Amino acid sequence: LNTVKRNKFNLQKAKYDSDFYKDDISISVATEYLQALYYLEFVEIYRNQLEITNQQVSRTQKLVEAGTLAKGDLLIIEAQLASEELSLVEAENNLALSLLDLTQLMELATSQGFMIEKPELGLIDQPEIFSPDKVFASALETRPEIKSSELNVQSSEMDLKIAQGS
């Protein structure tokens, strides 16, 4: 009888463990998606900055040719341009790696041609803020890893009763 109860606890625990892993994967996918969005924005920012610096190089080049500025000023801006090109390449690489991580988490065959879509965000209402006690109580009721741990304790108690009965 105790063995049957223990096995029922273990079965229910396995179901909660499965729910926990599903939640964990969902959170990992969401995290990687946000990371990819982050790098997508950085690529856009660095491209815009690179365009501005290219305009500065062109303007400075004309001023150097006219004799208004020293060649050293042009070299400084060209060095800045090279630094920004490096930053753009790094951001593009980080985006590619982030997309690769995301496709691997989603178990897609390849990340080639895979691109995320930027959501259109509007203004949202102020969300309700819950007290820490309410959040904790809700977690105790709903989080599968907590329920799994509770069932693990009950299963261990059944193991003890089985051992005492033998």
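Since the structure is predicted, the reported quantities are computational estimates derived from the model, not experimental observations. The first residue in the sequence is number 1, and the count goes up from there. All values below were derived from every heavy atom in this structure, side-chain atoms included, with hydrogens, water molecules and symmetry-related copies excluded.
- Note: the hydrophobic cluster containing Ile52 does not contain Tyr46 (ILVMFWY, side chain heavy atoms under 4.5 Å, direct or indirect links).
- Under a 4.5 Å side-chain heavy-atom criterion applied to ILVMFWY residues, the cluster that includes Met158 comprises Phe9, Tyr16, Leu151 as well.
- Leu97 forms part of no hydrophobic cluster, judged by ILVMFWY side-chain heavy-atom separations under 4.5 Å.
- Residues satisfying the salt bridge (charged side-chain N to carboxylate O under 4.0 Å, His left out) criterion with Glu41, sequence neighbours excluded, are Lys118.
- To the nearest 0.5 angstrom, Asp17 atom CG is 8.0 Å from Asn152 atom CG.
- Note on Leu63: it clusters hydrophobically with Leu81, by side-chain heavy-atom contacts below 4.5 Å among ILVMFWY residues.
- Annotation for Ala36 and Leu99: closest pair CB-CD2, 4.0 Å, computed over non-hydrogen atoms.
- Without hydrogens or angle criteria, Ser18 side chain to Ala14 main chain gives no donor-acceptor distance under 3.5 Å.
- Residues Gln80 and Gln56 are in side-chain contact: their nearest non-hydrogen atoms beyond the backbone lie under 4.5 Å apart.
- In Glu85, the CD atom is crowded: over 12 heavy atoms of neighbouring residues, nucleotides or ligands sit closer than 6.0 Å.
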Run the numbers on Leu37 and Ile116 for side chain to side chain contact (heavy atoms under 4.5 Å, CB included), then give the verdict.
CA-CA 8 Å; Leu37 274 178; Ile116 59 172; 3.8 Å; yes
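- Annotation: side-chain hydrogen bond (donor to acceptor under 3.5 Å, both in side chains) contacts involving residues 88-102, sequence neighbours excluded, comprise Arg47-Glu92.
- Between the CG atom of Leu100 and the CG atom of Leu95 there is a distance of 11.0 Å, given to the nearest 0.5 Å.
- Cluster annotation: Val135 and Ile27 are assigned to distinct hydrophobic clusters (Ile/Leu/Val/Met/Phe/Trp/Tyr, side-chain heavy-atom contacts under 4.5 Å, transitive).
- A pairwise comparison of heavy atoms in Pro144 and Asp19 identifies CB-CB, 3.7 Å as the closest pair.
- With Thr53 contributing its side chain and Gln49 its backbone, the two residues share a donor-acceptor pair below 3.5 Å.
- Cluster annotation: Met106 and Met115 are assigned to the same hydrophobic cluster (Ile/Leu/Val/Met/Phe/Trp/Tyr, side-chain heavy-atom contacts under 4.5 Å, transitive).
- Distance check, rounded to the nearest 0.5 Å: OH of Tyr21 to CG of Asp24 gives 8.5 Å.
- Under the 4.5 Å side-chain heavy-atom criterion for Ile, Leu, Val, Met, Phe, Trp and Tyr, Ile25 and Leu108 are members of the same hydrophobic cluster.
- Distance check: Leu34 CG to Leu40 CG gives 12.0 Å after rounding to the nearest 0.5 Å.
- Lys13 contributes no side-chain N or O that, together with a main-chain N or O of Ser149, makes up a donor-acceptor pair within less than 3.5 Å.
- Evaluation of the side-chain hydrogen bond (donor to acceptor under 3.5 Å, both in side chains) test over residues 63-79, restricted to residues two or more places apart or in two chains, returns Gln61-Glu65.
- Atom CD1 of Ile77 and atom OG of Ser83 lie 13.5 Å apart (nearest 0.5 Å).
- Heavy atoms from other residues, nucleotides or ligands lying under 6.0 Å from CD of Glu107 number 12 at most.
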For Arg143 and Asp23, what are the C-alpha separation, side-chain angles and deciding distance, and is it a side chain to side chain contact (heavy atoms under 4.5 Å, CB included)?
CA-CA 9 Å; Arg143 294 302 304 160; Asp23 288 351; 3.4 Å; yes
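- Interatomic distance, Asn54 CG to Glu84 CD, rounded to the nearest 0.5 Å: 9.0 Å.
- A side-chain hydrogen bond (donor to acceptor under 3.5 Å, both in side chains) check over residues 25-40, counting only residues at least two apart or in different chains, returns the pairs Gln35-Tyr39.
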